Amino acid sequence: MENGESQPVLAPLTEAAIFLVLTVDPGAEDAVRDLLADVSGLKRSVGFRIPEGELSCVVGLGSELWDRLYGPPRPAGLHPFPGFAGEPHTAVATDGDLLFHLRARRLDLCFELAQRLMERLAGYAKVVDEVHGFRSFDDRDLLGFVDGTENPEGPSARAAVAIGEEDPDFAGGSYVVVQKYVHDLTAWDALPTEAQEQAIGREKLSDIEFADEDKAPNSHLALNVIEGPDGEERQIMRFNMPFGRVGDAEYGTYFIGYAKASDLIEEMLTNMFIGKPPGTYDRILDFSTALTGNLFYVPTIDFLDDPREPGGGADGPGDPAAPPATAGDDSLGIGSLR
């Protein structure tokens with residue numbers, strides 16, 4: 001059983017963030033295992049210089065890298081991001097073995113830690129996506145709406161992100177999905193405020209959510225509310241950040257959502273890109289395009305600091321000849337691009 005202290009998934013939203021997605025070269029497994037065991041120490045060394053900067057680092061591992069580093073068993077919800085092909089929009093699946101989610105109140109802290117991590121991985125891994133996010137006014141994205149209003153708080157936040165008895169070998173871990181969206185702000189800003197509010201499902205200025213009966217069926221909020229068999233809402237934690245380059249007219253939102261179950265985030269994306277019912281895709285997608293898509297597992301700090309032996313089971317050495325866990329066992333299998 002993994003147990004132990006969770007990574008700082010629930011660190012508060014900060015003024016700056018860096019998101020790094022990497023692929024790991026064949027044969028670099030030992031070097032990556034060594035680096036992962038040192039991430040906590042590197043974060044402490046950088047963060048100790050400016051403790052009020054609240055530097056944090058979360059590490060996520062993709063399914064293929066998990067198999068290469070540790071072998072079976074694999075976390076129950078870990079598989080390649082399937083992608084979702086709707087009409088007319090698509091959630092693409094892109095390469096990615098490792099995720100580093102760096103947050104701090106100052107960008108220099110994130111940058112310094114990112115630099116140290118990359119120095120250790122030089123010659124072993126390649127960055128395939130790097131995004132520097134910033135906090136925009138009162139937590140608004142570049143579409144002008146407050147982002148993350150529906151995040152659970154307190155014990156409910158912990159319950160939303162921490163794997164529990166449903167997968168006891170990996171208790172305390174989490175899943176995270178990342179997507180980089182770019183916006184057509186010219187087309188979006190041409191919409192009247194009322195039309196923008198209908199697309200989102202809440203008032204732009206006050207951030208007050210529309211009553212359920214007043215939400216359009218293709219509004220963002222209507223499609224992202226998922227209820228379990230008991231009728232209770234299943235929740236995730238979003239720590240999205242705006243990013244952009246004004247010289248290239250690039251304006252975007254980096255979506256990063258943590259949950260205790262990967263199928264929950266995938267169900268939300270199914271609703272957004274395919275529709276519920278099919279055809280009622282998320283209106284925001286007419287103005288926002290997903291350029292990347294990855295699913296990662298977030299182990300506990302204890303596991304990163306002292307991982308099991310390659311090929312070992314959750315509680316000790318396993319059969320090295322045992323086949324790896326199959327990918328996608330609990331995927332929805334809807335609109336897969338693979």
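Since the structure is predicted, the reported quantities are computational estimates derived from the model, not experimental observations. Throughout, numbering of the chain's residues begins at 1 and tracks the sequence.
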Item to check | Asn294 and Val177: CA distance, side-chain angles, deciding distance, side-chain contact (heavy atoms from CB on, under 4.5 Å) verdict | outcome: CA-CA 6 Å; Asn294 302 97; Val177 167; over 6 Å; no

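- Side chain to side chain, His101 and Gln7 fail the donor-acceptor criterion of an N or O pair below 3.5 Å.
- Taking a 6.0 Å sphere around NZ of Lys204, one finds it holds more than 12 heavy atoms contributed by other residues, nucleotides or ligands.
- Take His132 and apply the ring-ring contact (aromatic ring centres under 6.0 Å, His included) test, not counting sequence neighbours, and it matches no residue.
- Between Arg49 and Glu112 there is a salt bridge, since at least one side-chain N of the basic residue sits less than 4.0 Å from a carboxylate O of the acidic one.
- Remark: Asp286 pairs with Arg283 by the salt bridge (charged side-chain N to carboxylate O under 4.0 Å, His left out) rule, at least two apart or across chains.
- In this structure Asp34 satisfies the side chain to side chain contact (heavy atoms under 4.5 Å, CB included) test together with Arg120, sequence neighbours excluded.
- Between the side chains of Ser206 and Glu203, at least one donor N or O sits under 3.5 Å from an acceptor N or O.
- Aromatic pair Tyr175/Trp66: centroids not less than 6.0 angstrom apart.
- Glu153 CD: 12 or fewer foreign heavy atoms inside a 6.0 Å radius.
- Asp306 pairs by the salt bridge (charged side-chain N to carboxylate O under 4.0 Å, His left out) definition with nothing, not counting sequence neighbours.
- At least one side-chain heavy atom of Asn224 sits less than 4.5 Å from a side-chain heavy atom of Arg238.
- Between atom NZ of residue Lys260 and atom CD1 of residue Ile265 there is a gap of 13.0 Å, rounded to the nearest 0.5 Å.
- For the pair Val127 and Met118, the minimum side-chain heavy-atom distance is below 4.5 Å.
- Residues Arg234 and Gly228 approach most closely at CG-N, 3.8 Å, considering heavy atoms.
- Shown here is Tyr124, whose OH atom has no more than 12 heavy atoms of other residues, nucleotides or ligands within 6.0 Å.
- Connection of Leu285 to Leu223 is not established within any shared hydrophobic cluster, with ILVMFWY side chains joined at heavy-atom distances below 4.5 Å, either directly or through further cluster members.
- Side-chain heavy-atom separations under 4.5 angstrom define the hydrophobic clusters, and Phe48 shares its cluster with no other residue.
- Looking at Glu15 and Arg103, no side-chain N of the basic residue comes within less than 4.0 Å of a carboxylate O on the acidic one, giving no salt bridge.
- With sequence neighbours excluded, the residues forming a side chain to side chain contact (heavy atoms under 4.5 Å, CB included) with Asp129 are Val21, Val131, Lys180, Tyr254, Thr292, listed by chain and number.
- Clustering of Ile, Leu, Val, Met, Phe, Trp and Tyr side chains at separations under 4.5 Å leaves Phe137 isolated, with no partner residue.
- By the salt bridge (charged side-chain N to carboxylate O under 4.0 Å, His left out) test, Arg158 pairs with no residue at all, sequence neighbours left out.
- The salt bridge (charged side-chain N to carboxylate O under 4.0 Å, His left out) with Arg202 is formed by just one residue from the set Asp147, Asp212, Asp207; it is Asp207.
- Residues satisfying the side chain to side chain contact (heavy atoms under 4.5 Å, CB included) test with Lys43, not counting sequence neighbours, are Leu55, Cys57, Leu113.
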Checklist entry - Stepwise, does the side-chain contact (heavy atoms from CB on, under 4.5 Å) test hold for Ile274 with Tyr281? => result CA-CA 5 Å; Ile274 297 172; Tyr281 66 85; over 6 Å; no

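- Considering every non-hydrogen atom in both Leu117 and Val39, the closest pair reads CD2-CG2, 4.1 Å.
- Aromatic ring centroids of Phe273 and His89 lie 6.0 Å or more apart.
- Follow the hydrophobic side-chain contacts under 4.5 Å out from Phe255 and you never reach Val146; the two are in separate clusters.
- For Glu250, the salt bridge (charged side-chain N to carboxylate O under 4.0 Å, His left out) partners two or more places apart in sequence, or in a different chain, are Arg245.
- Contacts of Glu119 classified as side chain to side chain contact (heavy atoms under 4.5 Å, CB included), with partners at least two apart in sequence or in another chain: Gln115, Arg116.
- Other residues, nucleotides and ligands contribute only 12 or fewer heavy atoms inside 6.0 Å of the CD atom of Glu165.
- Residue Leu185 shares its hydrophobic cluster (ILVMFWY side chains chained together at separations under 4.5 Å) with Phe134, Leu142, Leu143, Phe145, Trp188, Leu191, Ile200, Val246, Tyr251, Ile284, Phe287.
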